[in-house]
Amino acid sequence: MPNSLLLQALQRQNQDRPPVWLMRQAGRYLPDYQALRRKHTLRELFFTPKLAAEVTRMPVEQLGVDAAILFSDITVISLALGFKLDFNEGPILEPMWNGASDLPRLDVRSVLAPIGETVSLLKGDVPLIGFCGGPFTVASYLIEKHSGSDLPKTKQWLYRDPASFCRLLDQITDASCDYLQMQVEAGASAIQIFDSWAHVLSEEQFKQVCIPYWKKLLASVGVPGIVFARGNSFRVETIEAALPAAISVDWQVPVGALRKKSKAVLQGNLDPDLLFAPSEVVQEKTEALLESMRGDPAFIVNLGHGVKPGTPVESVRTLIETVRNFKR
Ligand code: CP3
């Protein structure tokens, strides 16, 4: 029988143990992924449907997570906006956007066709989560080289000329709507928006450059949508305005406390660094999280951000096994 825990939880109707999957579960720390990486460039992995599907399946087959997340990257949408894109450690984009004119608008479904094909190869026992970047975060990659900065060029642009900045967000959003729809038509059962760099924004800016664009993206797909913005778990009530099915939260605030403020489906919220602790500690913290949400029909276990490179696979296994063994 297909595993429907994730979809049940996204409808707030889960009567079983909570589902578990992890952001960035598909790459990095998995030995089989590293072996594939020695044979192929990242670009090959992202754009060869057979390979991308193989990486997507790894954590499902090897670790028993309750959902797959498409193996791709949030920056691929830039190809449909006329940029060149390659990867070394992180994405490399050319040219940087200078705001002088609107971007070309290529046909998303042709430019990103291999990703649609990857999704269509992934009809398995667990639901597939499609994704895109939050328009603000994607914009930041079009504007500057990241390398751990707090996005000065992006924010200065927003202060200097909000109208052209928002026009850029509109263009990214329109292309991302097409991109998500392509993933859903190919078989994705849910989608997640990763606005990973939204923690640099003030409350006012967050309402200006995240919420309306998420709302448009979420309304355009016919499946439940999860939103993730790093460092924003204290803003669940603000986030509800975008009408997501679920809010992915980090470890700043205990999920039990967030449940008192919000009826939304909550996803989270273990610290990725916890996975570097001994197994007993991983088990203990995971059990404490499960206990704090016992009986909640609208809870999904995840980390508060992606699995880090170098994470011991055994710790990930312990986390997942602990959730799978939990009796509701
Ligand atoms: O981590 C997050 O905040 C999630 C959102 C996000 C993704 N890509 C989703 C993703 C972000 C912020 C990116 C940008 C990006 N792309 C980075 C971060 C660089 C920075 O500026 O800090 C990096 C290193 C890349 C390139 C990239 N993307 C690599 C090398 C890989 C492969 C494996 C890995 O994680 O190292 C990816 C895959 C990727 N990016 C996935 C997702 C959801 C695939 C799914 C998965 O790994 O589970």
Side-chain angles (χ1 to χ4, degrees), residues 20-38 40-48 51-63 65 67-79 83 85-93 115 118-119 122 126 128-151 153-154 172 176 179-180 183 188 190-200 210 226-232 248-250 267-268 272 302-311 313 316 320:
V20 57
W21 71 277
L22 306 180
M23 293 188 268
R24 310 297 293 256
Q25 68 185 12
R28 305 187 151 181
Y29 65 103
L30 288 174
D32 285 358
Y33 170 77
Q34 287 156 2
L36 265 188
R37 259 307 263 125
R38 285 191 282 275
H40 302 279
T41 63
L42 270 166
R43 236 194 115 97
E44 281 167 350
L45 291 182
F46 289 143
F47 290 98
T48 311
L51 293 174
E54 183 182 342
V55 180
T56 303
R57 281 190 207 103
M58 280 178 187
V60 179
E61 289 168 355
Q62 300 178 10
L63 300 166
V65 287
I69 178 151
L70 172 67
F71 182 76
S72 182
D73 191 65
I74 60 165
T75 52
V76 298
I77 196 66
S78 60
L79 292 168
F83 290 81
L85 172 67
D86 210 340
F87 299 91
N88 51 15
E89 291 300 304
I92 315 164
L93 274 143
I115 296 174
T118 303
V119 174
L122 285 163
V126 300
L128 176 76
I129 303 170
F131 73 91
C132 71
F136 170 75
T137 292
V138 173
S140 75
Y141 282 96
L142 304 185
I143 295 169
E144 59 193 309
K145 297 196 167 52
H146 265 242
S147 60
S149 80
D150 53 5
L151 312 184
K153 285 190 187 149
T154 309
I172 296 170
S176 301
Y179 180 46
L180 289 177
Q183 296 178 43
I191 60 98
Q192 176 154 325
I193 301 171
F194 287 92
D195 227 337
S196 301
W197 288 85
H199 62 294
V200 303
C210 294
I226 309 167
V227 292
F228 167 76
R230 183 154 34 126
N232 277 283
S248 197
V249 293
D250 64 24
Q267 170 174 283
N302 205 311
L303 302 175
H305 197 192
V307 183
K308 292 190 168 180
T311 298
V313 182
V316 180
I320 289 157

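Every number for a ligand or one of its atoms is a count from 1 in the order of the listing. As the structure is a prediction and not an experimental result, all values here were calculated from the model.
Side chains of Leu22 and Pro59 form no contact here, defined as non-hydrogen atoms less than 4.5 Å apart. With a 4.5 Å cut-off on side-chain heavy atoms, Leu79 and Phe47 count as touching.
Taking both residues in full, the closest heavy atoms of Leu51 and Leu36 are given as CD2-CD2, 4.2 Å, listed atom of the first, atom of the second, then distance. Nearest heavy-atom pair across Phe71 and Leu45 is CE2-CB, 3.9 Å.
The distance from ligand 1 to the heavy atoms of Phe131 drops below 4.0 Å at these ligand atoms: 42 (C), 43 (C). Residue Gly27 has at least one heavy-atom neighbour below 4.0 Å for each of these atoms of ligand 1: 47 (O). Counting the atoms of ligand 1 from 1 in the order shown, those under 4.0 Å from a heavy atom of Ser196 are 2 (C), 3 (O), 4 (C), 5 (C), 12 (C). Atom numbering of ligand 1 starts at 1 in the shown order; those under 4.0 Å from a heavy atom of Leu42 are 30 (C), 32 (C). Listed by number with element, the atoms of ligand 1 under 4.0 angstrom from any heavy atom of Gln25 are 46 (C), 48 (O). Counting atoms of ligand 1 from 1 in the listed order, those under 4.0 Å from a heavy atom of Tyr33 are 32 (C), 33 (C).
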Give every donor-acceptor pair under 3.5 Å between a side-chain atom in residues 132-143 and any protein atom, sequence neighbours left out.
from: Thr137; atom 1: OG1; to: Asp195; atom 2: OD1; distance (Å): 2.6
from: Thr137; atom 1: OG1; to: Ser196; atom 2: N; distance (Å): 3.2
from: Thr137; atom 1: OG1; to: Trp197; atom 2: N; distance (Å): 3.0
from: Ser140; atom 1: OG; to: Thr137; atom 2: O; distance (Å): 2.6
from: Ser140; atom 1: OG; to: His146; atom 2: NE2; distance (Å): 2.9
from: Tyr141; atom 1: OH; to: Trp197; atom 2: NE1; distance (Å): 3.2

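Contacts of Trp21 with ligand 1, taken as heavy-atom pairs under 4.0 Å, are absent altogether. When non-hydrogen atoms are compared, ligand 1 lies under 4.0 Å from the backbone of Ser72 (N, CA, C, O) but not from its side chain. Only the side chain of Ile69 comes within 4.0 Å of ligand 1, judged by heavy-atom distances.
Ligand 1 has at least one atom lying under 4.0 Å from a heavy atom of His305.
In terms of N/O distances under 3.5 Å, ligand 1 is approached by Arg24. By the 3.5 Å distance cut-off applied to N or O atoms, Arg28 is counted among the residues near ligand 1.
In this structure, the side chain of Gln192 does not engage the main chain of Gly130 through any donor-acceptor pair within 3.5 Å.
With sequence neighbours left out, the salt bridge (charged side-chain N to carboxylate O under 4.0 Å, His left out) criterion links Lys153 to no other residue.
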